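Quick one: structure below, then a few questions.
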Amino acid sequence: MDSQCLDLAIYKETEYRGGDAKNMREEFQTYGFPSWAMYLIGGTKLSLAILLLVGIWVESLVRPAAVGLAVLMAGAIGMHLRVGDRLKKAMPAISVFTLSTLAVIFV
């Protein structure tokens, strides 16, 4: 991945960041995670997303990748609740959790 793309994801301000965080680094600090966790969780999410895409051709990859993504998103939803965020801030995680759960059930 181009380092500029990674920088955009890490430093991009969105209304969905947890707490009062302005970027991803601040968001992970808000949740009380060490800085390395941002890269570990991000890399895991990216890997699982790639496995879901490969699952178009190798169907046996879909269920484990979808379960992993659902678990990560359940954790993300939990973190939003833990810091007292409005439900709106958790909507991206809720959406991915829902779609991943549907993939587990129907694929």
Side-chain angles (χ1 to χ4, degrees):
M1 175 183 256
D2 182 1
S3 67
Q4 288 179 330
C5 290
L6 182 60
D7 286 346
L8 286 176
I10 292 172
Y11 297 111
K12 181 172 175 47
E13 288 188 34
T14 76
E15 58 188 304
Y16 302 106
R17 298 276 181 227
D20 294 324
K22 300 280 189 263
N23 57 56
M24 197 177 297
R25 284 187 199 278
E26 290 178 12
E27 184 174 20
F28 273 71
Q29 289 172 349
T30 297
Y31 299 144
F33 290 130
S35 59
W36 56 264
M38 178 180 68
Y39 297 103
L40 177 66
I41 292 170
T44 302
K45 285 185 348 186
L46 182 60
S47 298
L48 291 169
I50 290 168
L51 286 174
L52 281 176
L53 288 173
V54 173
I56 293 169
W57 299 280
V58 184
E59 192 172 319
S60 63
L61 294 176
V62 173
R63 186 164 279 130
V67 167
L69 208 48
V71 168
L72 282 178
M73 293 303 104
I77 294 163
M79 289 295 104
H80 281 288
L81 295 174
R82 183 174 152 215
V83 299
D85 284 340
R86 298 181 328 270
L87 188 59
K88 177 182 179 179
K89 287 193 172 195
M91 286 311 294
I94 291 168
S95 298
V96 174
F97 174 82
T98 302
L99 292 170
S100 296
T101 302
L102 290 171
V104 169
I105 294 168
F106 294 110
V107 175

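Every heavy atom of this structure was used, including side-chain atoms; hydrogens, water molecules and symmetry mates were not. What you are looking at is a predicted structure, and each value in this text was computed from that prediction instead of being measured.
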- Query: Can you find a pair of side-chain heavy atoms, one from Leu69 and one from Leu51, that are under 4.5 Å apart?
  - Reply: no
- Message: I'd like to check Leu52 versus Leu61 (side-chain heavy atoms, cut-off strictly below 4.5 Å). Are they in contact?
- Response: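 No, too far: nothing below the 4.5 Å cut-off.
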- Look at the side-chain heavy atoms of Ile, Leu, Val, Met, Phe, Trp and Tyr, link any pair under 4.5 Å apart, and say whether Val67 and Ile50 land in one connected group. no
- Query: Any ring-ring contact (aromatic ring centres under 6.0 Å, His included) pairs touching residues 58-104, not counting sequence neighbours?
  - Reply: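 Output for this query lists Tyr31-His80.
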- Apply ring pair (Phe, Tyr, Trp, His ring centres under 6.0 Å) to Phe33 and list each qualifying residue two or more places apart in sequence or on a separate chain. Phe28
- Message: For Gly18 versus Asp85, what's the shortest heavy-atom pair and its separation?
- Response: CA-OD2, 3.2 Å
- Item | From Ile41 atom CD1 to Met24 atom CE, the distance as rounded to the nearest 0.5 Å | 10.5 Å
- Message: Donor-acceptor pair, distance only, cut-off 3.5 Å: does the side chain of Arg25 make one with the backbone of Ser35?
- Response: no
- Message: I'd like to know if Val96 and Met91 are part of one continuous hydrophobic network [Ile/Leu/Val/Met/Phe/Trp/Tyr, side-chain heavy atoms within less than 4.5 Å].
- Response: yes
- Query: Do you know the tightest heavy-atom contact between Ala103 and Val62?
  - Reply: CB-CG1, 4.4 Å
- Do Leu102 and Leu72 share a hydrophobic cluster (ILVMFWY, side-chain heavy atoms under 4.5 Å, transitive)?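 Each belongs to a different hydrophobic cluster.
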- Item | From Leu53 atom CG to Leu48 atom CG, the distance as rounded to the nearest 0.5 Å | 11.5 Å
- Qualifying residue, where the test is side-chain hydrogen bond (donor to acceptor under 3.5 Å, both in side chains) with Glu15 and the options are Arg86, Lys88, Lys89: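 Going through Arg86, Lys88, Lys89 one by one, the side-chain hydrogen bond (donor to acceptor under 3.5 Å, both in side chains) with Glu15 is satisfied by Lys88 alone.
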- Item | Spatial distance of atom OG1 (Thr30) from atom CE (Met79) [nearest 0.5 Å] |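 Here the rounded value is 11.5 Å.
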- Message: Please tell me whether Leu99 and Ile56 are part of a single hydrophobic cluster in this structure, the criterion being side-chain heavy atoms less than 4.5 Å apart.
- Response: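 No, it is not one cluster - the side chains of Leu99 and Ile56 are not joined through contacts under 4.5 Å.
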- Query: Is there a path from Leu87 to Met73 through hydrophobic residues (I, L, V, M, F, W, Y) whose side chains come within less than 4.5 Å of each other?
  - Reply: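 They do share one cluster, since a chain of ILVMFWY contacts under 4.5 Å joins Leu87 to Met73.
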- Would you mind reporting whether Ile94 and Ile77 have side-chain heavy atoms less than 4.5 Å apart? yes
- Task: Write down the atom of Asp20, the atom of Glu26, and the distance for their closest heavy-atom approach.
- Result: O-OE1, 4.3 Å
- What is the distance from atom OG1 of Thr14 to atom CG of Asn23, rounded to the nearest 0.5 Å? 10.0 Å
